[in-house]
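Input: a single structure, listed below in C-alpha cells.
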Amino acid sequence: MAQKPGIPKGTRDFSPAEVSKRNYIINAIKRHFQTFGFQPIETPSFENLDTLMGKYGEEGDRLIFKILNSGDYLSKVRDDLYQTKDANKIALKITEKALRYDLTVPFARYVVMHQNDITFPFKRYQVQPVWRADRPQKGRFREFYQCDADVVGSKSLWQEVEFVQLYDAVFSSLNLDGVTIKMNNRKVLSGIAEVIGAKEKLIDFTVALDKLDKIGEEGVKNEMLQKGIAEEAIQKVQPLFGFTGSNKEKLQQLKELLSSSEEGTKGVEELSFIIEAIESLGLKSASLDIDVTLARGLNYYTGAIFEVAPPEGVQMGSIGGGGRYDDLTGIFGLKDVSGVGISFGLDRIYLVLEELNLFPETVSKQLDVLFINFGEKEALQAMRAIKVLRSKGVNAELYPDAAKMNKQMKYANKRDIPKVIMIGEQELNEQTFVLKDMKEGSQETHSFDHIENLF
RNA sequence: GUGGUUGUAGCUCAGCUGGUUAGAGCGCUGGAUUGUGGUUCCAGAGGUCGCCGGUUCGAACCCGGUCUUCCACCCCA
C-alpha cells in the first residue's frame, strides 16, 4: 500500500528556483558579514535541553522542540510522577536534547566552551536553521533560517553603529530600499517604568506598549490597567502615545521625561551616540528611527534593541532584529562579557523580495545552453563542445536521449534555456554547428572550431 | 496553548435544498509536424471527493472525531 506523502506542518520543500533565490539572499548577507569582519561558525542542530531551557522565558520554553530519549525512556519515570500526568515534569525525565531555538544561545554556549581559543572581541556570523514548535501563519514557520552576526567582548557603542550600517548595506545590496531600522534601548524602557513607579511591572508595561501600532492607544492603556499598572502612572507616559518628530526631537523629549532616572538617562545617551554617529556617516537606503514601543526579546537584551520593518505597504512582520545583552554568557559561567548582535529573517526577506518583484532575472537561470541529441556520433561531437564550454564556466548539457527534436526543444523551452546548439549529421560532416536563440527564434551556423568563442 | 478557517484530477477551482456514470481551465502523454520550442487543432490518460466513524434507501454535500491549510490571539524572525 502506497502511503500518501506529506511533510510536517510549518516545514517546506524548496524547488530549484526557490533555492537559487534563497542562495541569492544568503550570499548577499554572508558577503557583507565578511566585509564587516565577521567569521563563520556552525553549531549542532540540537543542544542539551538544559542549555536552552529558561533562556527564552516561559513562552519560549513551550516552543522548544524536545527530542525524545532513545531506548526505554519511560522506565526512568517514577510511577507516582507518571500518574500525575504533569506533562512539563514528565518531559524533563524523558527528554534531554532539543532542537535549537535560535542561534544566540548556542553562540553564548560556544563562546564559554571555547573561551581559551577565542580572541576577544570575537565577531562571528552563523547561518543555520532553527526550530520552533509554534503554530505557523504568514511568514512564520516551524523550521526557518536565521542569519546572525554577533560581537562579544566589547562594550563599545561603535558596534551598534556598525550593525546599523550592516543592515543598511545588506538591504541596499538586495535593492530592498525603504526599510526602517527601529531602535530602542532597554535602559530607556527601564527608566520609563522607574519614573512612573512601575519598575516591577517592566515586562507587562513594555509588552503592552509594544502593541501600540496594533491595538491603538486605548487598547494599550486597557491592557496596562488590566496588568495592574496605576491610572496615574499611565497618565505620566501620555507623551509616548503621540511620540513623533525627528530622532533629535524624540531624544529631547525622552531626556526631559527621564531626567530623574539615572538608568533612563544612560539609555538616552546611548541612543544619542548611535543616532549622531549614523547621521554623520549616512545610510544608503535605510532609515533609522527611534521607537520607544519596541520591546521584543526583553528576556536578555540590556541595551540597544533593533528591529527592521519592511518598506511601507508590505504586510509583513519584522525582517530582522537584534540588540545588546550584557551578560548572556553569565548563565554559562563566563562573567562580564558583553555581546551585541543582529539577525536577518531569511524566509521573510524572501517573501518581501518576492512580493516586490526584486529578484534579478538571472538568479533562476540554471543552464546557458542545451545540445540537441541526434544520435551516438553526433552526441560525441556535442560532448566535445560541452567539455570546452564547461571548462570556460559555461553551464552546458546534452539532452541524454536521441528523442524527437520536438520533445528536446520543448524541454529547452520549459527549462528556460536561452540557447540551443544542434549538431546533426550534416553539421558533423561539415564540422559546423547551428546555434539557436530560443528567445529570438533565430539561428545561424558556425564553424565548430569557433565554439569556445561563443560565450 | 486559545478561537476561527480550509481540504474535490499534477495545479487553480466548479459541483444547486443529499439523488444515476463527479466536471472545467491549465498542465501531462500521443498525434497533426521523421531537423525546430513558444501559437493552434485533434485524441488520450489521470480522482476510494484529506482520513476514520456515524445519520440515511442513498453522502463530495449532513453530524462527530482526527490530520492538514490559512488567519487572528499569545509570542515571535
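From a predicted model like this one, the values you see are computed outputs, not experimental measurements. Chain identifiers are assigned alphabetically (A, B, ...) following the order of the sequence lines, protein sequences preceding nucleic acid strands; residue numbering begins at 1 within each chain.
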**Set of side-chain contact (heavy atoms from CB on, under 4.5 Å) partners for A:N69, sequence neighbours left out** = A:Y73, A:E96, A:K97

**Item:** Integer-rounded Å distance: B:rA77 P and A:L294 CG
**Value:** 10 Å

**Asked** Where along residues 167-177 of chain A does a heavy atom fall under 4.0 Å from RNA chain B?
**Response** none

**Prompt:** When we call it a touch if two heavy atoms are under 4.0 Å apart, what does A:G10 touch: a base, just sugar-phosphate, or nothing?
**Reply:** sugar-phosphate

**Prompt:** If the C1' atom of B:rG25 is compared with that of B:rA77, how far apart are they to the nearest Å?
**Reply:** 38 Å

**Prompt:** If you check the A:F141 side chain, which of B:rC74, B:rC75, B:rA77 turns out closest?
**Reply:** B:rA77

**Request:** Between B:rG53 and B:rA45, how far apart are the C1' atoms? Round to whole Å, please.
**Result:** 34 Å

**Protein proximity profile, nucleotides 1-8 of chain B - base contact B, sugar-phosphate-only contact S, no contact -, cut-off 4.0 Å on heavy atoms** = BBB-----

**Message:** Are A:F344 and A:F171 an aromatic pair, judged by ring center distance below 6.0 Å?
**Reply:** yes

**Request:** Output every pair passing salt bridge (charged side-chain N to carboxylate O under 4.0 Å, His left out) with a member in residues 347-356 of chain A, not counting sequence neighbours, ordered by first then second residue.
**Result:** A:R12-A:D347, A:K21-A:E354, A:R22-A:D347

**Request:** Taking the six-membered ring for Trp and the single ring otherwise, decide whether the centroids of A:F38 and A:F163 are under 6.0 Å apart.
**Result:** yes

**Message:** Would you measure the distance from the P atom in B:rC63 across to the matching atom in B:rU55 and give it in whole Å?
**Reply:** 15 Å

**Asked** Of all the base pairs, Watson-Crick or G-U under 3.5 Å, which form stems of three or more consecutive pairs involving RNA chain B?
**Response** B:1-4 with B:70-73, B:10-13 with B:23-26, B:28-32 with B:40-44, B:50-54 with B:62-66

**Item:** Nearest-angstrom distance, C1' atom, B:rA32 to B:rC70
**Value:** 45 Å

**Message:** Work out how far the C1' atom of B:rU66 is from that of B:rA9, and round it to whole angstrom.
**Reply:** 25 Å

**Request:** Keeping to residues at least two apart or across chains, list the ring-ring contact (aromatic ring centres under 6.0 Å, His included) pairs with something in residues 405-437 of chain A.
**Result:** A:Y399-A:Y411, A:F433-A:H446

**Message:** Is it the case that the ring center of A:Y101 lies less than 6.0 angstrom away from the ring center of A:F65?
**Reply:** no

**Request:** May I have the distance from A:I203 (atom CD1) to B:rC74 (atom P), rounded to whole angstrom?
**Result:** 16 Å

**Request:** May I have the distance from A:Q126 (atom CD) to B:rA77 (atom C1'), rounded to whole angstrom?
**Result:** 15 Å

**Asked** Please give, in whole Å, the distance from B:rC75 P to A:R140 CZ?
**Response** 10 Å

**Request:** Not counting sequence neighbours, which residues clear salt bridge (charged side-chain N to carboxylate O under 4.0 Å, His left out) with A:D61? List them please.
**Result:** none

**Message:** Does A:G320 reach a base, just sugar-phosphate, or nothing at all? Heavy atoms under 4.0 Å.
**Reply:** sugar-phosphate

**Request:** Kindly write out the residues that satisfy salt bridge (charged side-chain N to carboxylate O under 4.0 Å, His left out) with A:R31, not counting sequence neighbours, or none if the list is empty.
**Result:** none

Give the table of side-chain donor-acceptor pairs shorter than 3.5 Å for residues 302-314 of chain A, with sequence neighbours excluded, one pair per line with atom names and distance.
from, atom 1, to, atom 2, distance (Å)
A:T302, OG1, A:R324, O, 3.4
A:T302, OG1, A:D326, N, 2.8
A:T302, OG1, A:D326, OD2, 3.3

**Item:** Integer angstrom distance from the P of B:rU20 to that of B:rC49
**Value:** 16 Å

**Request:** Quote, to the nearest angstrom, the P distance that separates B:rC62 from B:rG1.
**Result:** 28 Å

**Request:** Would you classify A:S318 as touching base, sugar-phosphate or nothing, given that sugar-phosphate means primed atoms plus P, OP1 and OP2, and contacts are heavy atoms under 4.0 Å?
**Result:** sugar-phosphate

**Message:** Between B:rG23 and B:rG65, how many Å separate the two P atoms, rounded to a whole number?
**Reply:** 33 Å

Distance-only criterion, 3.5 Å: show the donor-acceptor pairs between side-chain atoms of residues 172-179 of chain A and protein atoms not counting sequence neighbours.
from, atom 1, to, atom 2, distance (Å)
A:S172, OG, A:D168, O, 2.7
A:S172, OG, A:D168, OD1, 3.4
A:S172, OG, A:S285, OG, 2.7
A:S173, OG, A:V170, O, 3.1
A:D177, OD1, A:S285, OG, 3.4

**Item:** Residues forming a salt bridge (charged side-chain N to carboxylate O under 4.0 Å, His left out) with A:K392, sequence neighbours excluded
**Value:** none

**Prompt:** Taking CG from A:L63 and C1' from B:rC76, how many angstroms apart are they, rounded to a whole number?
**Reply:** 8 Å

**Asked** So, is the end of the A:K123 side chain (NZ or CZ) under 6.0 Å from the ring centre of A:F33 and within 45° of the ring's axis?
**Response** no

**Pairing of A:E397 and A:R415 as salt bridge, 4.0 angstrom limit** = yes

**Complete:** Per nearest nucleotide of RNA chain B, the residue lying toward the 5' end, A:G317 or A:K214, is A:K214

**Asked** B:rC74 C1' sits how many Å from A:I215 CD1, rounded?
**Response** 12 Å

**Request:** Mind calculating the distance between CZ (A:R142) and C1' (B:rC76) to the nearest angstrom?
**Result:** 15 Å

**Prompt:** Less than 4.0 Å between a side-chain N and a carboxylate O, is that true for A:K419 and A:D368?
**Reply:** no

**Complete:** Quick tally for nucleotides 30-37 of chain B: nucleotides whose base has a protein heavy atom under 4.0 Å get B, sugar-phosphate-only ones S, the rest -, giving SS---BBB

**Complete:** In whole angstroms, the gap separating P of B:rC73 from CG of A:D210 amounts to 12 Å

**Asked** Got a salt bridge between A:D401 and A:K407, using NZ or NE/NH1/NH2 to carboxylate O under 4.0 Å?
**Response** no

